[in-house]
**Student:** 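Handing you a structure now.
Each chain gets a letter, A, B and so on, in the order the sequences are listed, and its residues count up from 1. Owing to the predicted nature of the structure, the values given are computational and were not obtained by experimental measurement.
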There are 2 protein chains.
Amino acid sequence: MSSITPAKANVLVVGSGGVGTMAAFALEKGGKASVTAVLRSNFPAVQQSGFDIKSLDHGDIQGWRPIRDTVPNTATDVTAQPYDFIVVATKNIADMAPSVADIIAPAVSPGHTAISLVQNGLNIERPLIAAFPSNPIISGVSFIGATEEKPGTIRHDDHDVLLVGAFDNPNIPSTTSAAAAKTFSDIYGSCPGIDVIYEPDVRFTRWRKLLYNASFNSVATILRMDTSRMRISEHVIDDLIRPIMLEIQATAAAAAGVQLPMELVDRMITVDTFEAFFKPSMCQDIEKGNYIEFENIVGEPLREAERHGVQTPTLKVVYGLLKALQWQRMEVKGLVKIPLVSEPGMRYGSKPRVVT
Amino acid sequence: MSSITPAKANVLVVGSGGVGTMAAFALEKGGKASVTAVLRSNFPAVQQSGFDIKSLDHGDIQGWRPIRDTVPNTATDVTAQPYDFIVVATKNIADMAPSVADIIAPAVSPGHTAISLVQNGLNIERPLIAAFPSNPIISGVSFIGATEEKPGTIRHDDHDVLLVGAFDNPNIPSTTSAAAAKTFSDIYGSCPGIDVIYEPDVRFTRWRKLLYNASFNSVATILRMDTSRMRISEHVIDDLIRPIMLEIQATAAAAAGVQLPMELVDRMITVDTFEAFFKPSMCQDIEKGNYIEFENIVGEPLREAERHGVQTPTLKVVYGLLKALQWQRMEVKGLVKIPLVSEPGMRYGSKPRVVT
């Protein structure tokens with residue numbers, strides 16, 4: 001970090017659902033960061049009463065409110081200190097505006113702020129590197145279980161484990177990126193009761209997580225089905241989950257030189273606590289009527305496979321179905337117009353009818 | 001038909017939803033059949049008030065009740081006349097007992113009764129030929145739009161078109177099967193206002209219908225989406241519907257020597273009236289909480305493809321998803337037990353947890 005770094009790192013957290021709020025709290029509690037969280041829909045509730053947190057790792061917290069309702073513009077606001085770290089814990093809906101880069105842009109100091117993406121999926125760093133070519137981009141893969149039950153009320157019921165490493169940013173020395181990731185790991189890991197693991201091989205970490213997300217998260221979303229029922233049925237694992245995992249395994253090897261051993265595939269199938277009857281994140285999103293972050297979880301690995309000539313037939317169909325589900329959400333939210341009659345120029349509009 | 005055929009054919013209709021009731025009515029109205037319909041869930045309502053039918057082809061009908069609540073046993077009931085035809089218009093849920101053969105067995109006179117299957121899917125004749133080796137089996141492919149809105153109340157709003165032909169039953173002369181199909185076609189076709197078309201090439205007729213059912217009916221069921229919205233989106237057609245149609249086309253050629261021309265594929269994509277925003281039958285079934293007849297619509301073509309070495313990757317994934325949806329229904333109906341904790345012997349039960 002630059003020489004103007006104060007005793008405490010100046011940290012902005014964007015995205016204050018379950019994962020983001022617990023990250024903000026852990027960073028603050030560790031004592032090495034001064035944290036501000038940017039809230040959107042839950043800002044009024046938290047402004048009034050503060051966060052109400054019931055945490056497995058930290059106990060009960062009430063009235064915590066280190067918040068603001070906009071991303072500060074550090075270029076125009078002379079009172080604003082530059083941010084050493086911006087932690088992004090929003091959903092990553094790559095196919096919908098605004099982009100992550102657009103959201104955080106006003107608070108990014110070129111060549112200084114390290115951007116830590118605590119988000120799912122593959123190639124999420126690419127638009128950030130394009131937008132902020134001289135900044136370190138950090139990967140955070142989170143295994144926390146934390147849910148915002150209502151605005152400002154967080155239930156944190158699965159231990160906070162965060163895997164941290166630096167994405168490769170070809171514009172800056174890899175030692176600079178690695179140093180930023182290590183510093184972030186140290187600041188976050190200073191909080192007692194949680195586990196932050198520095199894993200420099202970010203590609204391996206991310207492809208390994210995709211074994212789970214491309215398979216269980218996608219299929220759960222299409223079927224609205226928890227992972228324990230899939231395991232009880234057996235055929236959902238055999239027909240869908242394992243084939244997708246094997247396609248991810250093959251794509252990881254061809255596209256990134258990442259070897260995911262077969263025992264890891266087997267282990268990933270039973271990784272969820274059986275008794276939890278867990279519904280993965282995109283399934284929760286679709287049941288809440290939210291958009292799903294399928295482009296980075298399925299679209300990017302699929303495109304990597306196509307680029308490298310890997311056959312991923314299962315992933316391809318699952319992608320087509322998830323894209324349709326997203327389109328249905330777009331209709332509900334008014335972004336798709338449904339004509340009541342067939343219109344001239346429609347590719348699949350009415351044609352003269354022939355019975356046989 | 002045998003020499004004991006009376007002036008009017010003695011016809012039993014099994015399955016009195018929309019399709020079956022309108023078939024029973026048309027057969028009776030044609031004047032060449034004496035019709036009895038076997039009702040199950042709607043028997044009490046129809047026994048009390050008769051059918052209440054609003055028909056595009058026949059106008060308004062009230063109080064019609066040529067019904068009984070069990071399949072008659074013509075072997076033990078000395079007052080029962082043998083049936084010349086049994087028309088089966090139930091859903092064909094191949095993976096659930098009782099089978100169609102078991103349901104109609106008491107009313108089948110060996111070597112006499114012609115069994116007319118007005119049902120979706122491929123290879124549906126096979127269990128019937130196995131159970132009744134000396135009987136003609138007739139194929140009925142229906143294009144009617146008819147729905148039972150509540151017990152006994154039928155809305156018939158899309159013209160009754162029935163394609164009739166004989167399935168190949170290797171145990172009896174093909175002329176016998178063809179004669180039965182022609183007679184059935186004549187009896188049904190005597191009703192004014194409807195179209196019965198005798199199509200001797202049943203394999204072509206059935207594979208052509210599968211172009212639609214394996215694609216639109218399956219994808220609609222998974223997505224709960226009407227076919228007009230699929231066409232508006234375009235990507236649902238391009239990513240899912242057309243690939244499945246091409247897989248059916250290839251399988252039809254390899255497995256049955258049936259050539260489905262490319263222009264037929266193109267025509268089938270826009271076959272539904274756009275303004276109807278039509279949800280195909282299995283989609284309606286799943287929305288009502290019923291079982292889906294996916295084994296004959298997707299399972300059988302998939303198995304034919306595998307037997308003949310045809311690659312059908314899209315169909316395979318769709319099959320896996322439909323099987324999962326059927327399994328969810330089985331749970332709701334109490335046919336699947338969900339253990340609350342992982343049990344010894346479960347293939348995908350709990351394993352020791354490893355975090356990374």
**Student:** Which pair of non-hydrogen atoms, one from B:Ile222 and one from A:Ile222, has the smallest distance, and what is that distance?
**Tutor:** CG2-CG2, 3.6 Å
**Student:** Does anything in residues 225-241 of chain A get under 4.5 Å of chain B by heavy atoms, and if so which residues?
**Tutor:** A:Met225, A:Arg229, A:Arg231, A:Ile232, A:Ser233, A:Glu234, A:His235, A:Val236, A:Ile237, A:Asp238, A:Asp239, A:Leu240
**Student:** List the atom of A:Leu223, the atom of B:Leu321, and the distance in Å for their closest heavy-atom pair.
**Tutor:** CD2-O, 3.7 Å
**Student:** Tell me which of these, B:Glu275, B:Met268, B:Arg224, has more heavy-atom pairs under 4.5 Å with chain A than the rest.
**Tutor:** B:Glu275
**Student:** Could you state the interatomic distance from OH (B:Tyr348) to CD1 (A:Ile269), rounded to the nearest 0.5 Å?
**Tutor:** 5.5 Å
**Student:** Using a cut-off of 6.0 Å, state whether more than 12 heavy atoms not belonging to B:Gln311 lie near its atom CD.
**Tutor:** no
**Student:** Is the closest side-chain heavy-atom distance between A:Pro313 and B:Lys316 below 4.5 Å?
**Tutor:** no
**Student:** What residues of residues 328-347 of chain A sit under 4.5 Å from chain B when only non-hydrogen atoms are counted?
**Tutor:** A:Gln328, A:Glu331, A:Lys337, A:Ile338, A:Pro339, A:Leu340, A:Val341, A:Ser342, A:Met346, A:Arg347
**Student:** In residues 295-305 of chain B, which residues are in contact with chain A at a heavy-atom separation under 4.5 Å?
**Tutor:** none
**Student:** Heavy atoms under 4.5 Å from chain A: which residues of residues 277-285 of chain B carry them?
**Tutor:** B:Phe277
